[in-house]
Amino acid sequence: MAYRNDNDALTVMDWFCGAGGSSQGAHSVPGLQVTRAANHWAKAIDSHEANFPDASHYRGDIRKAPVWDWPVTDIFWASPECTNWSVAKGKRRNFDTAMQGSLLDLLIEQHEEEPADLEEESRALMEEVPLYLRGVIERGGLVKAGVVENVTDVRAWDQWDRWIGELHKMGYRTRIIALNSMHANPRSVHAAPQSRDRLYVGYWHESIGRTPDWDKWLRPKAWCSGCDAWVQAMQVFKTPGRDMGRYRTQYVYRCPSTSCRNQIVEPEALPAAAAIDWTIPGQRIGDRTKPLADKTLARIQAGLKKFSQPVPMMVPAGGTWRDTAVSVGEPMGARTTRENDGLMVPPLLVPVEGRDGKEARPAHDPLRTMTTRNETGLAWLPFIAELRGGGSVARSVTDALATVTASGNHHGLVTPEAVNWQDMLVPYYSNGTARTVREPIGALSTRDRYALVRGDVDINDVRFRMLEPHEIGRAMSFADDYIVLGSKRDKVRQYGNAVTPNAAEVILCALVEAVTGEEMERYAPQQQMTVAA
């Protein structure tokens with residue numbers, strides 16, 4: 001990944017940069033240049049430096065860094081430690097004990113140095129952001145705009161109002177943003193096929209005299225079946241006055257038009273299948289030398305029961321008033337004067353020789369004995385079965401793929417051996433349930449958390465493997481050629497700690513437009529959203 005060096009660009013400092021997810025997002029924004037980066041973990045700094053060699057790097061605790069002597073940048077991104085706020089550890093956080101102390105405590109706190117390779121200091125905390133911004137102003141400088149990223153749980157901190165009030169006292173205006181990474185519709189980087197809820201505070205100084213166009217950059221595209229059109233969906237919280245939470249639990253998206261009564265819509269998003277490298281085989285569970293944990297096996301079994309029973313489907317395929325595919329086990333929809341259904345069946349292997357007594361068999365069965373003649377045909381017509389509303393129809397694979405969306409069976413690929421849309425991702429630890437690869441991946445942490453399950457209903461025949469680091473990187477929206485160093489465990493940790501570049505990109509685009517006063521194209525010409533083969 002070549003580092004852009006533009007002397008006329010706005011400069012960016014990235015605190016708690018990790019391997020560089022937020023820096024990738026900044027790097028993709030026209031007119032931005034990452035010039036400073038800091039993180040406590042040496043391996044993450046090594047990865048960041050491998051991709052941004054011209055930036056100045058600091059490894060260590062920000063609270064002990066000579067930040068008062070650092071050049072002031074135009075944009076300041078900060079991702080303070082999130083683990084002590086998050087419920088991802090499996091227990092509810094006590095926000096009284098999670099208090100971060102006074103500014104004075106942070107200034108005088110002393111730490112013993114650990115060996116560089118073993119140092120696991122926590123990243124500097126939320127208080128460091130207003131502390132640094134105030135210090136810049138006191139020495140005659142000004143950070144024009146910036147972003148603070150954290151988990152959504154930090155919004156419940158009892159010092160939140162005081163903390164954000166510190167920004168307001170310095171003349172900054174703020175926007176509290178609840179954003180799921182799968183809905184951050186990028187300008188130029190990869191989309192993120194992952195459900196990852198995060199809090200972002202965008203801030204910009206009032207002296208700029210402009211307000212970012214947040215609707216342009218944060219409202220995702222969604223299909224409204226009531227309006228029969230694509231719309232820029234509105235985020236609506238279920239509880240009036242709330243401004244933070246998780247998608248579907250605390251907020252939904254609605255159509256902005258009143259003609260459909262602002263009906264709930266589902267924003268487009270890439271499925272988990274887009275991040276999976278389908279060329280890597282899994283291991284048959286029955287062949288494993290080390291058995292899987294009982295809980296993992298139970299999740300796989302539950303997922304198989306729910307997802308891996310392929311049945312023929314009736315698919316509306318013309319000018320019909322119906323728009324949903326149904327199983328042939330359900331009553332057929334009302335017949336009209338037109339042939340308006342297509343039959344979608346699992347692929348079959350069909351004997352084509354003239355002998356009697358031969359039967360078609362499913363393609364997931366073993367292939368029958370091969371002879372010197374080509375005597376078996378594959379009964380399938382490759383097409384994409386679109387299963388969402390709004391006039392969707394089945395289309396040939398030779399046609400352009402319709403926009404990929406997030407909820408349910410939106411695109412079924414009828415093909416002999418490609419992506420199996422009944423394949424599942426299974427949480428490897430105590431929480432969560434199995435989900436198909438049609439859905440975005442759940443939020444990725446710093447540990448191996450998801451396994452890919454493939455196979456038939458017999459659990460011993462199911463193929464199982466953990467996701468590889470490059471698959472996790474793709475789910476995190478990282479560039480394909482981005483360098484992340486270290487062992488597999490190191491890489492997983494760096495990815496799991498990262499900001500998804502697509503989220504950073506859209507938020508920074510809004511801020512850069514406000515700072516420069518120059519409008520930016522919403523989508524770069526080269527952007528493509530495709531599902532990996």
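Because the structure is predicted, anything quoted here is derived from the model rather than measured.
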(message) Do Tyr203 and Leu511 have side chains that approach each other closer than 4.5 Å (heavy atoms only, starting at C-beta)?
(response) no
(message) Looking at Ser181, is its backbone amide N or carbonyl O close enough to the side chain of Asn502 to form a donor-acceptor pair, meaning the two atoms are under 3.5 Å apart?
(response) yes
(request) Taking atom types as modelled, find out whether Tyr523 and Asn185 have a side-chain donor-acceptor pair closer than 3.5 angstrom. (result) yes
(request) Without swapping roles, check the side chain of Gln24 against the backbone of Phe478 for a donor-acceptor pair under 3.5 Å. (result) no
(request) Test Glu266 against Arg248 for salt bridge (Lys or Arg N to Asp or Glu O under 4.0 Å), laying out the working first. (result) CA-CA 10 Å; Glu266 183 67 35; Arg248 291 196 182 98; 2.9 Å; yes
(request) Determine whether the side chains of Thr11 and Gln33 contain a donor N or O and an acceptor N or O closer than 3.5 Å. (result) no
(request) To the nearest 0.5 Å, tell me how far Ile62 CD1 sits from Lys64 NZ. (result) 11.5 Å
(request) Identify whether the distance between the nearest side-chain nitrogen and carboxylate oxygen of Asp153 and Arg246 falls below 4.0 Å. (result) yes
(message) Using 0.5 Å steps for rounding, measure from the CZ atom of Arg489 to the NZ atom of Lys43.
(response) 13.5 Å
(message) When you compare the side chain of Val484 with that of His470, does any pair of heavy atoms fall below 4.5 Å?
(response) no
(request) State, with a plain yes or no, whether a side-chain heavy atom of Thr35 is found less than 4.5 Å away from one of Val12. (result) no
(request) Give the intermediate values and the outcome of side chain to side chain contact (heavy atoms under 4.5 Å, CB included) for residues Cys255 and Asn262. (result) CA-CA 5 Å; Cys255 176; Asn262 303 114; 5.5 Å; no
(message) I'd like to know if Arg59 and Glu49 make a salt bridge, using a cut-off of under 4.0 Å between side-chain N and carboxylate O.
(response) no
(request) Ignoring hydrogens and angles, state whether a donor on the side chain of Asp197 or Thr152 is under 3.5 Å from an acceptor on the partner side chain. (result) no
(message) Over 60° means perpendicular and under 30° means parallel, so tell me whether Tyr251 and Tyr253 are parallel, tilted or perpendicular.
(response) perpendicular
(message) Run Lys491 and Glu468 through salt bridge (Lys or Arg N to Asp or Glu O under 4.0 Å) and show every step you take.
(response) CA-CA 10 Å; Lys491 292 177 182 179; Glu468 294 297 320; over 6 Å; no
(message) When you compare the side chain of Leu32 with that of Val512, does any pair of heavy atoms fall below 4.5 Å?
(response) yes
(message) For a 4.5 angstrom cut-off between non-hydrogen side-chain atoms, does Glu206 reach Arg173?
(response) yes
(request) Answer yes or no: is there a side-chain heavy-atom contact under 4.5 Å between Arg474 and Glu471? (result) no
(request) Would you please indicate yes or no on a ring centroid separation below 6.0 angstrom for Tyr247 and His183? (result) yes
(request) Could you tell me whether Trp157 and Trp160 have their ring centroids closer than 6.0 angstrom? (result) no
(message) Looking at Trp214, I'd like to know if the NZ or CZ of Arg219 sits under 6.0 Å from its six-membered ring centre while staying within 45 degrees of the ring's axis.
(response) no
(request) Could you tell me the separation between the CG atom of Leu199 and the CE atom of Met244, rounded to the nearest 0.5 Å? (result) 3.5 Å
(message) Within the 3.5 Å criterion, strictly below it, is a donor on Glu149 or Ser22 matched to an acceptor on the partner's side chain?
(response) no
(request) Report yes or no: do Trp217 and Glu513 form a side-chain donor-acceptor pair below 3.5 Å? (result) yes
(message) Check for me whether the distance between the ring centres of Phe52 and His27 falls short of 6.0 Å.
(response) yes
(request) Can you measure from OG (Ser28) to CZ (Arg187) and round to the nearest 0.5 angstrom? (result) 7.5 Å
(message) Is it true that His190 and Asp480 share a donor-acceptor pair across their side chains at a distance under 3.5 Å?
(response) yes
(request) Flag the pair Val515 / Asp74 as yes when at least one side-chain heavy-atom distance between them is below 4.5 Å, and no otherwise. (result) no
(message) Can you confirm whether or not the ring centre of Tyr132 sits under 6.0 Å from the ring centre of Trp15?
(response) yes
(request) Tell me whether the centres of the aromatic rings in Tyr172 and Trp204 are closer together than 6.0 Å. (result) no
(request) Could you grab the distance from atom CZ of Arg522 to atom SG of Cys509, nearest 0.5 Å is fine? (result) 7.5 Å
(request) Take atom CZ of Arg261 as the centre, draw a 6.0 Å sphere, and report whether it contains more than 12 heavy atoms from other residues, nucleotides or ligands. (result) no
(message) Could you check whether any side-chain heavy atom of Glu128 comes within less than 4.5 Å of a side-chain heavy atom of Pro80, counting everything from C-beta outward?
(response) no
(request) Output the distance between atom CG (Asp46) and atom CG (Asn51), rounded to the nearest 0.5 Å. (result) 11.5 Å
(message) I'd like to know if the side chain of Thr500 pairs up with that of Gln194 as donor and acceptor (distance under 3.5 Å, no hydrogens or angles considered).
(response) no
(request) Would you check, one step at a time, whether the test ring pair (Phe, Tyr, Trp, His ring centres under 6.0 Å) holds for Trp77 with Phe16? (result) CA-CA 9 Å; Trp77 183 288; Phe16 330 116; over 10 Å; no
